Amino acid sequence: MTDDRRAKTRAHWLETMAAHRKDPDGPGSEDYWSPALDTASRDELRAIQNAKIKAVTPFLYENSPFYRRRFDGLGLVPSDIQSVEDLVKWPVVDKSEMMEDAVANPPNGTYSTMDDGLWSRRGWMMFSSSGSTGVARVFRYSQIDRELWSWANARAMHAMGMRPSDTAFVCSGYGPHVFAWGVQFALARMNIAAIPGGGMDSQARAGIVDRFKPTVLICTPSYALHLGRVMEDKGLDPKASSIRLLFVGGEPASGITNTRARLETLWAARLVEFYGCTEAAPHAGGYSCSHSAIDPAEITAHLMEDLQVWELVGDQGHQPVATGERGLTVCTNLNSESSPQLRFLVGDYTRFDPTPCGCGRGHVRALGAFAGRADDLINLRGIKMYPVQLEQAVRAVPGIGDEYEIVITTNEDGLDVMTARVEHAGSDPAAGIAQSVRDEIRSRCEVRASVEVLEPDTLEKTEFKAKRVRDLR
Ligand SMILES: [Zn+2]
């Protein structure tokens with residue numbers, strides 16, 4: 001293909017994204033950043049998705065060797081995929097396929113539409129997948145992506161209730177992870193003042209909350225818990241602090257009832273969250289709106305459907321599940337110059353509800369939010385469970401501390417066994433805690449676990465992402 005044709009395809013893709021980007025510089029109304037897009041009907045959303053799919057497939061074919069090889073291998077050409085209905089022709093892409101490409105084509109892989117020429121002309125930042133499994137994959141983004149991210153995140157953060165009168169305290173290490181950076185650029189777009197909280201310890205951060213009175217705390221859920229306890233240890237009451245919103249990302253939180261309750265009680269603040277991944281977007285895919293916790297038993301998160309196509313597929317064979325059924329998340333990203341993706345398996349279990357939300361948005365909602373990645377599945381003697389189920393179980397027991405760990409080992413008989421190690425919270429340690437934890441794990445995960453009740457402050461304190469399951473088999 002000629003450079004001229006490639007340039008025309010790129011220009012058409014950029015024009016298509018721009019044509020559907022409303023209210024780039026400020027909110028269109030008090031309730032909605034982009035009223036026409038946020039309250040669009042399902043038919044309007046579908047028309048936008050189709051226009052973007054039609055423009056993105058030739059762009060991917062011409063700019064990503066990974067995509068070109070896949071089209072050729074499937075015997076497809078870009079014009080075979082012109083609409084949401086056509087997507088099913090394209091088998092789901094999973095991380096392992098990207099990892100193989102990254103290993104074969106170091107250091108950047110070829111799954112991105114960013115080449116070295118574009119990187120030198122308008123490169124913005126390089127991020128890395130969190131890589132809890134396998135090799136880390138890098139993603140380079142352009143200055144156009146910066147604009148697209150900050151606008152998309154501003155729409156989501158406006159829906160959470162963040163306004164220019166807020167001051168946000170971002171407790172992040174500012175490493176090559178998308179969450180904090182995407183939020184930081186959106187804060188600037190929203191005219192919300194920020195306090196960057198990188199490179200300081202928790203004592204210093206507790207002092208900042210106390211002295212400078214930020215209203216929004218932005219961090220992982222594990223860190224929000226940790227910082228609240230540090231404040232208490234300093235004699236400062238997080239409940240009485242200026243924090244009104246706990247804005248978390250990076251780990252499942254709002255869908256875990258007992259964790260959400262613990263955080264909201266500790267800080268006397270509302271918990272809101274972002275959901276997404278480095279590969280597809282990478283601005284927020286999902287976010288909490290004002291109605292996300294109207295029914296505390298059924299937390300919801302919206303997905304940004306004018307910017308992405310979200311589907312749920314079965315864990316075997318990755319075929320689409322029926323409406324309302326549980327499945328794994330798959331994202332077709334239609335909002336990036338450098339990382340558009342077709343049917344990337346993000347891989348969290350949830351159910352979708354396409355009915356309109358009380359907030360006025362028609363974008364699909366994930367019921368129960370997101371409950372952890374399928375990669376994290378634990379298999380104990382044939383019984384399968386997710387870390388999030390164990391967290392639900394442990395957090396259901398009153399009188400225990402914030403830290404816990406689950407250790408899985410093989411005993412001398414060759415049997416795999418699970419031990420839950422929890423701390424009592426200072427009260428009478430014998431008051432049935434071990435039995436309660438055992439019972440909760442048994443009823444929620446259908447496995448027998450032994451339980452050790454430890455003295456407070458025995459377990460290592462979790463700061464950023466918690467790794468609470470130690471599989472020593
Ligand atoms: Zn809503």
Side-chain angles (χ1 to χ4, degrees), residues 20-23 26-46 48-49 149 151-163 166 179 182-183 186 189-190 192 216 218 221 244-249 252-257 260-261 263-264 269-276 281 283-312 323-324 326-327 329 331 334-335 346 348-371:
H20 297 287
R21 187 165 161 242
K22 311 290 183 207
D23 309 290
S29 77
E30 176 55 25
D31 290 338
Y32 311 105
W33 186 281
S34 298
L37 295 172
D38 292 332
T39 64
S41 69
R42 306 228 31 96
D43 286 347
E44 289 166 334
L45 290 170
R46 181 53 64 97
I48 295 170
Q49 290 173 331
W149 280 28
W151 164 68
N153 278 351
R155 285 171 60 190
M157 287 153 63
H158 193 77
M160 290 174 175
M162 292 176 65
R163 294 294 182 271
D166 281 308
F179 173 61
V183 167
R189 178 153 302 238
M190 298 172 82
I192 295 175
V216 184
I218 301 171
R244 69 176 191 90
L245 273 184
L246 298 172
F247 174 11
V248 300
S254 72
I256 311 174
T257 320
R260 190 179 71 248
L263 280 165
E264 290 190 328
R270 185 161 73 93
L271 184 81
V272 289
E273 74 180 341
F274 261 10
Y275 165 74
H283 51 72
Y287 61 93
S288 315
C289 71
S290 56
H291 282 57
S292 61
I294 290 291
D295 175 358
E298 187 71 291
I299 294 295
T300 60
H302 282 288
L303 291 157
M304 305 194 95
E305 286 193 286
D306 56 299
L307 307 178
Q308 298 158 334
V309 181
W310 285 90
E311 302 171 71
L312 294 177
T323 306
R326 190 166 172 272
T329 48
C331 179
L334 303 170
N335 197 47
V346 184
D348 291 83
Y349 279 110
T350 191
R351 289 176 295 128
F352 283 168
D353 180 357
T355 61
C357 175
C359 76
R361 287 171 184 79
H363 296 233
V364 74
R365 284 174 295 159
L367 298 177
F370 301 94

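One-based numbering along the sequence shown. Just so you know, ligand 1 is whichever comes first in the structure, and atom 1 is the first atom listed for that ligand. Predicted model, so just to flag it, every value in this text is computed and none were measured.
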>> Name the residue from Arg155, Arg21, Lys22 that meets the salt bridge (charged side-chain N to carboxylate O under 4.0 Å, His left out) definition with Asp306.
In response: Arg155

>> Looking only at side-chain N and O atoms, does His283 offer a donor or acceptor that is under 3.5 Å from a partner on Asn335?
In response: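 A donor-acceptor contact under 3.5 Å links the two side chains.
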
> What distance do His363 atom NE2 and Thr39 atom OG1 have between them, rounded to the nearest 0.5 Å?
Replying inline: 7.5 Å

> Once you round to the nearest 0.5 Å, how far does CZ of Arg365 lie from SG of Cys289?
Replying inline: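 The distance works out to 7.5 Å.
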
> For the Zn ion (ligand 1), which protein N/O/S atoms are closer than 2.8 Å?
Replying inline: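 As for protein N, O or S atoms lying under 2.8 Å from the Zn ion (ligand 1), they are Cys289 SG, His302 NE2, Cys357 SG, Cys359 SG.
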
>> Can you confirm whether or not the ring centre of Phe247 sits under 6.0 Å from the ring centre of Tyr287?
In response: no

>> Tell me whether Asp166 is salt-bridged to Arg244, with the criterion being a basic N under 4.0 Å from an acidic carboxylate O.
In response: yes

